[in-house]
Chemist: 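Sharing a structure with you now.
Please read these numbers as outputs of a predicted model, since none were measured by experiment. Throughout, protein chains are lettered first and strands after them, A, B, ... in sequence-line order, and every chain is numbered starting at 1.
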Amino acid sequence: MIKLLHVEDDADIREIAEMALGLSGEFEIVQCISGEAALAQIENYTPDVLLLDMMMPGMTGRQTLEKMREKPHFATIPAIFMTARAQHAEIEELLATGAAEVISKPFDPMTLGDQIKDAIKKHAE
Amino acid sequence: MGEEMPPYNYMSKAPLVALSGCGLALAWYAGTSAVLTGAAASVVPAVGAVSIASLVPTYLMHQRCNRVIETKLLSMSQRLDALNQHACINIVNADNELTEVNDSLLELTGYSREELIGQQVRVLYDASVKSLTDKVRSCLRRGETWQGETRLQHKDGHSVFTQATIMPLFDEAGEWAGSISARTDVTETNALMSERHTAETLNELRDDIWIVDSETEKFSYMNRSAKGRLCLSDADYKAKDLSDLNRETEIEKILSACRALRDNGESSTEFKATLLGVPMDVSVKFLPGAAGTGRYLILFNDISEHLEQEKRKSAFISTVSHELRSPLTSIKGAMGLLLSGSAGALPDKASALLEIAHRNADRLILIINDILDLDKISNGQMDFDIQTVDLAALVKETDTANAMLQQRFGVQTVLEGVDAPVMMQTDPNRIIQVLTNLLSNAYKFSTPGSSITLRVLDDEEGVRIEVGDKGQGIPADEQHKIFDRFADMTNSDRASKGGTGLGLNICRAIVESLGGTIGFETNVGIGTTFYFNLPKTLPETAHADDESAKQSA
C-alpha cells in the first residue's frame with residue numbers, strides 16, 4: 001500500500017481523487033483541506049507521497065511543501081503538485097523546485113493512480 | 001505731400017458734381033458706373049459706417065479737391081494715402097458689377113483693372129462662399145453696413161482672406177445704388193493664428209512630440225508634454241541635439257531609428273521604447289526637405305497605463321480560466337468515473353448521454369486553454385521553449401497521440417517524409433499543438449473512411465509540414481477569414497465537431513512567432529491542404545521579440 005497525503009481545499013475534487021485512487025486498491029489515502037491542516041497532520045503521520053493542490057486559501061501548495069521540507073524525514077518524500085494553472089512556464093518552475101511531477105487540472109481519474117506511481121518511480125531514480 | 005500722391009486711375013473719370021449738405025466726410029460723387037453717372041446722382045453712405053470705410057468717400061472726394069484745400073487737408077491726405085495703401089477698395093453698382101477698384105485690390109487679387117471693371121463682384125469671391133455673398137447682399141439692401149471676414153479668390157485660384165467693411169450706397173432718391181467695400185488682407189494673420197492654434201493644440205496633447213532637424217540632429221520643436229518630461233525650457237531644448245539627449249537619457253533606440261530612416265530613405269517606423277523609465281509607443285517619421293535636409297517627427301505615446309490595464313485584464317482572464325477549471329475537474333472526474341463503471345454498470349443510453357456530456361466538458365477545457373493562449377499571444381507573452389528536435393519523430397509522435405480521434409472520425413493518416421530524422425531548432429510542444437490542431441481539423445472535415453496525408457518536406461533552408469484532407473474544401477467566401485478568431489462561427493457543424501473557433505488563429509500566431517508561415521490550398525469538393533513552413537534555425541528576431549515583449553510587459 002502506498003501511503004498518500006492529499007491536500008486539497010475543494011471537497012468535490014477530494015472525493016473524486018479518493019474514488020479514483022481507491023479503484024486499484026493500491027493507495028491508502030489521508031486527506032487534508034488546507035496546508036495548515038496538513039502541517040498539523042504530519043506531526044504524527046509520515047506518508048510515502050504528497051499530492052498537493054497549488055491554489056488554496058491560506059498556504060499555497062508550494063508554501064506547504066517548503067514548510068514540510070524543513071522536517072528532516074520529509075526532505076526526500078516525493079511531492080506532486082496539482083494545478084489549474086497548467087501553463088508551460090509555471091509547470092517548469094514547479095518542477096525546478098524539486099517536485100516529482102505536476103498534474104494539470106482537470107486530471108483524468110482513470111490514470112491518476114498510474115501518474116502518481118510513475119512519479120514515485122521517477123523520483124526514486 | 002498731396003501733390004506727390006500717385007494718380008488714382010479709378011478716379012480719373014469721376015467728376016465731383018455735388019456735395020450733400022452734411023459735410024465733406026459724408027458726401028461724395030463718383031461717376032464711372034452707369035447708375036452713379038445718372039443725372040445728378042448723389043450717393044450717400046448709410047449711417048453707421050465705421051473707421052476705414054467711412055474715410056473712403058472722404059478720400060475719393062479729396063482727390064478732386066486737393067489743389068484747392070491741400071494745406072487744410074494735409075493731414076487728411078496723409079491719412080487717406082495710408083488708407084489707400086492699406087485697404088483694398090472696390091465699388092459695385094446696383095447690378096452687382098464692379099465699377100471701381102483700387103491698386104491694392106488688383107495687387108491682392110492678381111487681376112488687371114480691365115479684367116475686373118464691369119464684371120460681377122462674385123468673380124472676386126471664392127466659390128465656396130456663395131452663401132456669404134447672399135447674406136452680405138441682403139444686409140446691404142436693408143441699408144445696413146456689413147462687416148466680417150470674406151474669402152476672396154486670387155486669379156490663380158488660391159484663397160485670400162480679407163476682413164471687410166461693406167457699405168450700401170443710395171442715390172438722392174433713396175434708391176439702392178450699389179456698395180463700397182474696404183478690405184484688409186488677413187491671410188497671413190489667419191495663418192499665424194492657425195499656427196498658434198496648432199501650437200496650442202499640440203501643447204494640449206498628452207503625447208510627447210519632438211521635431212528634430214535630420215542634418216544637425218538639433219531639436220526644432222518640443223510640445224509642452226515633451227518639455228515637461230525632460231524638464232527642458234524652450235531655450236534648453238533648442239540648444240540640444242539627439243546625441244546630447246542620448247547621453248542623458250539613453251535614447252539609443254530612437255537615435256538609431258532616426259538615422260536608419262534617413263540613411264535607408266524610408267519614411268516612417270514604429271517601435272516600443274522606454275523614455276526615462278516610461279514605456280512608450282514611439283513613431284518616427286522622416287520628412288525629407290530639399291537636398292539632403294529633412295526633419296524627424298517623433299511621437300511618443302505613454303503606454304504605461306495601457307500596459308497596466310492589459311496586465312489587469314490578463315490577470316482577470318487567467319483567474320477566471322483557472323476558476324473554471326476547478327469545477328470542471330469535478331465534473332470531468334465524476335463523469336470519467338461513471339463511464340469507467342467504477343460506480344457500477346450503466347444502461348447503454350445513460351452511457352451514451354454521459355459520453356456527450358464528457359466530450360463537451362473536454363471541449364470546454366480546450367476553449368479555456370485556447371483563451372489563455374490567445375491572451376498570452378495578444379500580450380506577446382506566449383512562452384517558447386526552444387530545443388533541438390527531430391521533427392520527423394515529433395510528427396510521428398503527434399500522429400500516434402491522435403489515434404483515438406482518428407478512430408472516432410473513421411479516418412487514417414498516411415505519413416510521408418518521416419523516415420529520416422529532420423533536425424531543427426524549435427519549440428516541440430508548440431509544434432505538437434499546431435499539428436494536433438491541423439490534424440483534428442482534417443479529421444473533422446474528412447469524409448469517414450478517407451485518408452489524410454501528413455507530409456514532412458525537408459530542404460536546406462527549412463521544413464514544410466503539410467496536412468491534406470479529402471474533405472469538401474473551403475468555400476471561396478470563407479477562405480479569407482479562415483485564420484480569424486471564431487472564423488467558423490457560422491458553421492453549424494462546429495459544435496458537433498467539437499471545435500473552439502480559435503485554433504487556426506492560435507496556430508498562425510505560434511508559427512509566426514517561431515519565424516514561419518502558415519497557409520492552405522483548397523479545392524472545393526476535392527480537399528484542403530494546410531501547411532506551415534519553419535526555418536531550421538530560429539531567426540534571432542523571432543525569439544528576441546518574444547523576450548523583449550516579456551520584459552516590457
Side-chain angles (χ1 to χ4, degrees), chain A residues 4 6-27 29 31 33-34 51-58 60-62 80-96 102-116, chain B residues 314-315 317-344 358 360-377 379 381-387 404 427-433 510 546-547 550 553:
Chain A
L4 180 139
H6 184 205
V7 189
E8 165 68 64
D9 61 306
D10 187 314
D12 291 342
I13 295 176
R14 280 202 305 274
E15 192 174 337
I16 284 165
E18 190 176 10
M19 271 182 77
L21 294 172
L23 291 176
S24 67
E26 292 169 282
F27 291 92
I29 306 156
Q31 292 185 317
I33 62 163
S34 68
L51 180 59
L52 304 160
D53 181 35
M54 268 301 293
M55 298 285 286
M56 294 184 289
T60 64
R62 194 169 163 176
I80 298 164
F81 284 118
M82 226 186 226
T83 177
R85 293 184 177 268
Q87 294 289 315
H88 174 75
E90 286 142 350
I91 292 174
E92 290 290 310
E93 200 185 324
L94 288 175
L95 288 174
V102 178
I103 295 175
S104 298
K105 280 182 182 176
F107 57 86
D108 178 358
M110 302 315 294
T111 60
L112 183 63
D114 290 340
Q115 274 184 286
I116 292 171
Chain B
S314 268
I317 289 176
S318 166
T319 308
V320 168
S321 305
H322 298 130
E323 288 302 321
L324 287 172
R325 273 177 211 247
S326 287
L328 268 168
T329 304
S330 302
I331 293 169
K332 241 198 101 192
M335 290 190 297
L337 287 169
L338 277 176
L339 281 171
S340 74
S342 40
H358 194 246
N360 280 281
D362 278 341
R363 192 170 152 226
L364 206 49
I365 291 160
L366 287 180
I367 294 175
I368 292 168
N369 290 345
D370 281 357
I371 288 172
L372 278 172
D373 272 348
L374 274 183
D375 183 53
K376 294 230 163 195
I377 288 165
N379 290 326
Q381 284 177 303
M382 187 173 241
D383 43 6
F384 291 94
D385 179 18
I386 307 300
Q387 302 169 13
M404 287 262 285
D427 179 335
N429 290 318
R430 296 294 182 192
I431 296 301
I432 291 172
Q433 189 180 351
I510 291 174
D546 180 47
E547 284 298 320
K550 256 196 262 181

Chemist: Please report, to 0.1 Å, the donor-acceptor pairs under 3.5 Å made by any side chain of residues 13-23 of chain A, with sequence neighbours excluded.
Modeler:
| from | atom 1 | to | atom 2 | distance (Å) |
| --- | --- | --- | --- | --- |
| A:R14 | NH1 | A:E8 | O | 2.7 |
| A:R14 | NH1 | A:D9 | O | 3.4 |

Chemist: Over all heavy atoms of both residues, which pair between B:G333 and A:P109 is shortest? Give the atoms and the distance, please.
Modeler: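 The answer is O-CG, 3.4 Å.
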Chemist: Is A:D12 in contact with chain B via its backbone, its side chain, both, or neither, using a 4.5 Å heavy-atom distance?
Modeler: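 The answer is both parts of A:D12.
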Chemist: To the nearest 0.5 Å, how far apart are CE in A:M55 and CZ in B:R325?
Modeler: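 Those atoms lie 12.0 Å apart.
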Chemist: For the candidates B:N369, B:L324, B:L337, which exhibits the highest count of non-hydrogen atom pairs separated by less than 4.5 Å from chain A?
Modeler: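 Winner by heavy-atom pair count: B:L337.
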Chemist: Consider side chain to side chain contact (heavy atoms under 4.5 Å, CB included). Of B:T329, B:L328, B:I365, which one does A:K105 pass it with?
Modeler: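 Testing A:K105 for a side chain to side chain contact (heavy atoms under 4.5 Å, CB included) against B:T329, B:L328, B:I365 leaves exactly one candidate, B:T329.
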Chemist: Under the side chain to side chain donor-acceptor pair (under 3.5 Å) rule, collect the residues that match up with B:D362, sequence neighbours excluded.
Modeler: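 Per chain and number, B:D362 pairs via side chain to side chain donor-acceptor pair (under 3.5 Å) with B:K332.
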Chemist: Considering non-hydrogen atoms only, spot the tightest contact between B:S340 and A:M110 and give its length.
Modeler: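 That closest heavy-atom pairing would be CB-CE, 3.1 Å.
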